[in-house]
Amino acid sequence: MSFVEYEDLIKDGDTAIVFLGHGSMFPVRVQAGGQTQTKYGVIRHSADLIGKRFGAKVTCSKGGWVYVLHPTPELWTVNLPHRTQILYSTDISLITMMLELKPGSVVCESGTGSGSLSHALLRTIAPTGHLYTVEFHQQRAEKAMEEFRAHKVDHLVTVRNQDVCKNGFGVTHAADAVFLDIPSPWEAVGHANAALRAEGGRLCSFSPCIEQVQRTCRALAEHGFTEVHTLEILLQAYNVRTVNLPVPDLGKGAAADAADAPSDAAADSGPPPPGVAQFKSGVPLREMVGHTGYLTFATKN
Ligand SMILES: C[S@@+](CC[C@H](N)C(=O)[O-])C[C@H]1O[C@@H](n2cnc3c(N)ncnc32)[C@H](O)[C@@H]1O
């Protein structure tokens, strides 16, 4: 298994995602002789995982079952151990498109953080691109490298443990794109300029606060970047629900019927009772993720 190439069978040393039900998953490092506890009982790695197909339904010791999924950057993002605040797939999708990333792209990133964005970048630029990622917190840099090795993407990435605002990316005129997710991105804009190819490239900076955006935009203009614009992307998800509504009786007996009419929160199963219209509807979730951050994009010409 690797995060950039699909394999059919689960092997010793792989990372797999154990899927227990809607919104309930966790990652597991498969180890011969290892065991993983779930609410449905134990999964024994040698007997239940190694040699099985990714996607298989695995029965646990108490008789319940789980699915074992091949890892992807999207699944990793919602299952990874957090060492920092991370970027989620909605922001990542826009970043990938607006930075014009593709197989073979050379990308500079800082900070590496928990590696959520890094995994997505690596999947997009494989098999011939390269990611230079800079993280000034030593343990985070080491942990990220360990994960890249375990996920068999370390040949595509160089992790540097340094301050990007002081020492830059360690790359000169080689990058197609630069991404910044640090508290003071305006201090790294000059280094981003130096890292991007002489013939040009794209930049993105993620910041939660508008004051950070203002300072970054000023720095981008001072360094000659063009097409500077800031976007925010918000995700609206929908549940599919069966809705029951009373059919109004506009004639005799309307008042009596209205008193015991079922509500639209009625059960999701079974045929509707008489006098009730039933239909399926897409219903927005009651809660949605609000602001994550502003994404400022710019072009070096
Ligand atoms: C919010 S996290 C990045 C999360 C990452 N985008 C992800 O998706 O997992 C910010 C990281 O930048 C690092 N950082 C902050 N300032 C830095 C600097 N000047 N140079 C290098 N790394 C820095 C922090 O240590 C932290 O790990």
Side-chain angles (χ1 to χ4, degrees), residues 3 15 27 71-99 101 105 107-125 131-151 153-154 156-171 175 177-195 202-209 211-213 215-216 219-220 223 231-233 235 289 291-297:
F3 269 59
T15 296
T72 63
E74 290 75 17
L75 285 174
W76 185 243
T77 285
V78 291
N79 285 292
L80 59 77
H82 280 230
R83 302 181 282 275
T84 61
Q85 182 60 269
I86 64 164
L87 289 176
Y88 289 91
S89 297
T90 309
D91 285 311
I92 291 172
S93 64
L94 189 66
I95 292 164
T96 305
M97 185 194 72
M98 296 293 280
L99 289 181
L101 302 184
S105 297
V107 183
C108 291
E109 175 199 32
S110 187
T112 319
S114 305
S116 169
L117 177 69
S118 315
H119 279 81
L121 296 175
L122 289 167
R123 195 259 316 269
T124 302
I125 66 176
L131 173 67
Y132 296 90
T133 186
V134 177
E135 169 58 60
F136 71 2
H137 187 286
Q138 194 186 341
Q139 283 91 338
R140 283 182 205 151
E142 285 168 3
K143 196 71 201 153
M145 199 54 222
E146 215 176 277
E147 283 175 355
F148 295 141
R149 266 195 296 272
H151 299 161
V153 290
D154 51 314
L156 295 167
V157 55
T158 304
V159 183
R160 288 201 167 89
N161 177 214
Q162 61 193 34
D163 184 337
V164 75
C165 299
K166 291 198 183 115
N167 309 113
F169 294 93
V171 163
V178 171
F179 177 81
L180 298 169
D181 180 4
I182 55 171
S184 53
W186 55 91
E187 292 177 9
V189 167
H191 293 296
N193 198 15
R202 292 280 285 159
L203 176 144
C204 175
S205 175
F206 174 93
S207 291
C209 305
E211 292 82 359
Q212 293 169 299
V213 175
R215 295 184 75 165
T216 306
L220 287 167
H223 283 88
L231 304 178
E232 179 180 18
I233 181 165
L235 181 71
V289 177
H291 180 67
T292 56
Y294 300 105
L295 290 165
T296 297
F297 297 94

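Both ligands and their constituent atoms are indexed starting at 1 by order of listing.
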Inset, instruction - For ligand 1, indicate whether the residue Ser184 contacts it via side chain, backbone, both or neither (heavy-atom separation under 4.0 Å). - result: neither

Inset, instruction - For ligand 1, indicate whether the residue Arg140 contacts it via side chain, backbone, both or neither (heavy-atom separation under 4.0 Å). - result: side chain

Inset, instruction - Using a strict cut-off of 4.0 Å, indicate which atoms of ligand 1 neighbour a heavy atom of Pro183. - result: 15 (C), 16 (N)

Inset, instruction - Return the option from Ser114, Ala141, Gly111 holding the heavy atom at the smallest distance from atom 9 (O) of ligand 1. - result: Ser114

Legend entry - Presence of salt bridge, Glu146 and Arg149, under 4.0 angstrom: no

Legend entry - Heteroatom distance test (Leu117, ligand 1): nitrogen or oxygen, under 3.5 angstrom: yes

Inset, instruction - Please answer whether the main-chain N or O of Cys165 pairs with a side-chain N or O of His191 as donor and acceptor at a distance below 3.5 Å. - result: yes

Inset, instruction - Look at atom 2 (S) of ligand 1 and find which of Thr112, Ile92, Thr133, Thr84 reaches it with the closest heavy atom. - result: Thr84

Legend entry - Sub-4.0 Å heavy-atom contact, Leu80 with ligand 1: no

Legend entry - Under 3.5 Å: donor-acceptor pair, side chain of Asn161, backbone of Glu135: yes

Legend entry - Residue, atom name and distance, where the atom is the protein heavy atom closest to atom 20 (N) of ligand 1: Val164 N, 3.0 Å

Inset, instruction - Identify which of Asp91, Leu87, Leu121 has a heavy atom lying nearest to atom 8 (O) of ligand 1. - result: Leu87

Inset, instruction - May I ask you to test the Thr77-His119 pair for a side-chain heavy-atom distance under 4.5 Å? - result: no

Legend entry - Beyond-backbone contact of Phe136 with Ile182, side-chain heavy atoms, under 4.5 angstrom: no

Legend entry - Heavy atom of the protein closest to atom 4 (C) of ligand 1 (residue, atom name, distance): Gln85 O, 3.3 Å

Inset, instruction - Taking the side chain as every heavy atom from C-beta outward, state whether Glu147 and Trp76 have any pair of such atoms under 4.5 Å apart. - result: yes

Inset, instruction - Number the atoms of ligand 1 from 1 as they appear, then name those within less than 4.0 Å of a heavy atom of Gly113, with their elements. - result: 3 (C), 4 (C), 27 (O)

Inset, instruction - Tell me which one of Glu135, Gln138, His82 gets a heavy atom nearest to atom 27 (O) of ligand 1. - result: Glu135

Inset, instruction - Report yes if some heavy atom in the side chain of Tyr132 is under 4.5 Å from a heavy atom in the side chain of Val107; otherwise report no. - result: no

Inset, instruction - Measure Gln162 to ligand 1 on non-hydrogen atoms and call it side chain, backbone, both or neither using the 4.0 Å cut-off. - result: backbone

Inset, instruction - Check whether any N or O atom of Ser116, backbone or side chain, sits under 3.5 Å from an N or O atom of ligand 1, and answer yes or no. - result: yes

Inset, instruction - Taking Gln212 for its side chain and Ser207 for its backbone only, find out whether a donor-acceptor pair lies under 3.5 Å. - result: no

Legend entry - Short side-chain to backbone donor-acceptor contact, Ser114 and Thr84, under 3.5 Å: yes

Inset, instruction - Identify, for atom 18 (C) of ligand 1, the protein heavy atom at the shortest distance, and state residue, atom and that distance. - result: Phe136 CD2, 3.4 Å

Inset, instruction - Could you tell me whether a side-chain N or O of Ser89 sits under 3.5 Å from a main-chain N or O of Ile92, the two making a donor and an acceptor? - result: no

Legend entry - Proximity winner for atom 19 (N) of ligand 1, if only heavy atoms of Ile95, Thr77, Asp163 are counted: Asp163

Legend entry - Backbone or side-chain N or O of Phe179 under 3.5 Å from ligand 1 N or O: no

Inset, instruction - Just let me know how Ser110 lines up against ligand 1, side chain, backbone, both or neither, with a heavy-atom cut-off below 4.0 Å. - result: side chain

Legend entry - Side-chain donor or acceptor of Asn193 paired with backbone N/O of Val189 under 3.5 Å: no

Legend entry - Arg123 side chain to Pro73 backbone, donor-acceptor under 3.5 Å: no

Inset, instruction - Decide whether an N or O pair under 3.5 Å exists between Ile86 and ligand 1. - result: no

Inset, instruction - State whether the side chain of Ser116 and the backbone N or O of Leu87 hold a donor-acceptor pair below 3.5 Å, judged by distance alone. - result: yes

Legend entry - Atoms in ligand 1 with a heavy atom of Gly115 nearer than 4.0 Å: 9 (O)

Inset, instruction - Would you check the N or O atoms of Asp181, main chain and side chain alike, for any that come under 3.5 Å of an N or O of ligand 1? - result: yes

